[in-house]
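To keep things clear, I will list the structure first and then write my remarks on it.
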Protein chains: 2
Amino acid sequence: MKATTRGIDEMNAGVDNCVEAGYRGAFPVRNILDRVGNKWSVMAVLRLGRRTERFRALLRAVDGISQRMLTVTLRGLERDGLVHRDVFDTLPPTVANSLTPTGLSLLTLITALADWAMQHEAAVKAARAEYDRRNG
Amino acid sequence: MKATTRGIDEMNAGVDNCVEAGYRGAFPVRNILDRVGNKWSVMAVLRLGRRTERFRALLRAVDGISQRMLTVTLRGLERDGLVHRDVFDTLPPTVANSLTPTGLSLLTLITALADWAMQHEAAVKAARAEYDRRNG
DNA sequence: CTGAATCCCCAACGATACTG
DNA sequence: CAGTATCGTTGGGGATTCAG
């Protein structure tokens, strides 16, 4: 097997990491979560959940992402079957990125997570401040 | 401020990273997701969702985690107000770790995510294999 | 039992420059 | 416009050791 992205391939290696908390072989859990944990994956999926978008448009939409990271992120999502790339052989090239059905189903959860984050932002911030005050 | 874990403190620094995809100031989103993306946070929350547990028990339950990482993980979760530590001044020391109400509300989403992961494990694996076959 | 401190590695990420 | 190549940084995480 060729090392597409070293770290990701590694993910397929370790079949340990279970918590047997009802999630025996939690390996797939961590596996997916690693993708969610990526700095940009969630942002990209969130954006593609609104509309199919071209590379350049995504680059502008996802504030702060570099060209390289957008490429890498999309590749990863595509590899996992979450994003579909439609390449039109025009000049200049056109690529339409959209969520697959699987990607759409994940979007629901990611959206819920994002909503949770916004709803609890204040609470978390307060907790952190409090914690930092108490300790050093 | 004391550097608990350098990276985590940094999370508080960058107030950029928004996608304006309906999530303006997606900073809190990434902020939370960084925690979810941690290798062990989810496993710990999942486990604590089942029962209050002591450090040593958690260490055994979350397969593969090191002592250091469990400490760091719990500190992070505690700082964010997701986990509550109850210290009993016994000998030897006893510490009860449990989810706070906030932690419990997150547990719901995390559980959903874990379920999603298990349900789509096959599909994702297949997608990866297919992708790797097509490309090199 | 709980946990802090040290050392070290490497995968993720970023900046930049180049190509079809 | 979309994508690749290269290189440097860095912080998450593991192993180990020491301490209360």
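On a predicted model such as this, the values are computed, not experimentally measured, just so you know. The analysis underlying the following values was restricted to heavy atoms, covering all of them including side chains, and did not include hydrogens, waters or symmetry mates. Every chain is numbered from 1 and lettered A, B, ... according to where its sequence line falls, protein lines coming before strand lines.
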In one Ile/Leu/Val/Met/Phe/Trp/Tyr side-chain cluster, 4.5 Å: L59(B), V83(B): yes

Single-linkage hydrophobic cluster M118(B)~L106(A), side-chain heavy atoms < 4.5 angstrom: yes

To the nearest Å, how far apart are [X] [atom1] and [N] [atom2]?
X	N	atom1	atom2	value
R35(B)	dG12(D)	CZ	C1'	12 Å
F88(A)	dG3(D)	CZ	P	13 Å
L59(B)	dA4(C)	CG	C1'	15 Å
L91(B)	dT2(C)	CG	P	12 Å
L74(B)	dC1(C)	CG	C1'	14 Å

Stepwise side-chain contact (heavy atoms from CB on, under 4.5 Å) test for R35(A) and L33(A): CA-CA 5 Å; R35(A) 181 144 298 335; L33(A) 261 40; over 6 Å; no

pair E53(B)-L58(B): side-chain heavy atoms closer than 4.5 Å: yes

K39(B) bridged to D34(A) by N-O distance under 4.0 Å: no

side-chain contact (heavy atoms from CB on, under 4.5 Å) evaluation trace for R30(A) with M43(B): CA-CA 8 Å; R30(A) 273 248 42 82; M43(B) 294 304 160; 3.2 Å; yes

Distances for protein N/O vs nucleotides 13-20 of chain C N/O pairs under 3.5 angstrom?
| from | atom 1 | to | atom 2 | distance (Å) |
| --- | --- | --- | --- | --- |
| dC13(C) | OP1 | K39(A) | N | 2.8 |
| dG14(C) | OP1 | K39(A) | NZ | 3.1 |
| dG14(C) | OP2 | W40(A) | NE1 | 2.9 |
| dG14(C) | N7 | R68(A) | NE | 3.2 |
| dG14(C) | O6 | R68(A) | NE | 3.3 |

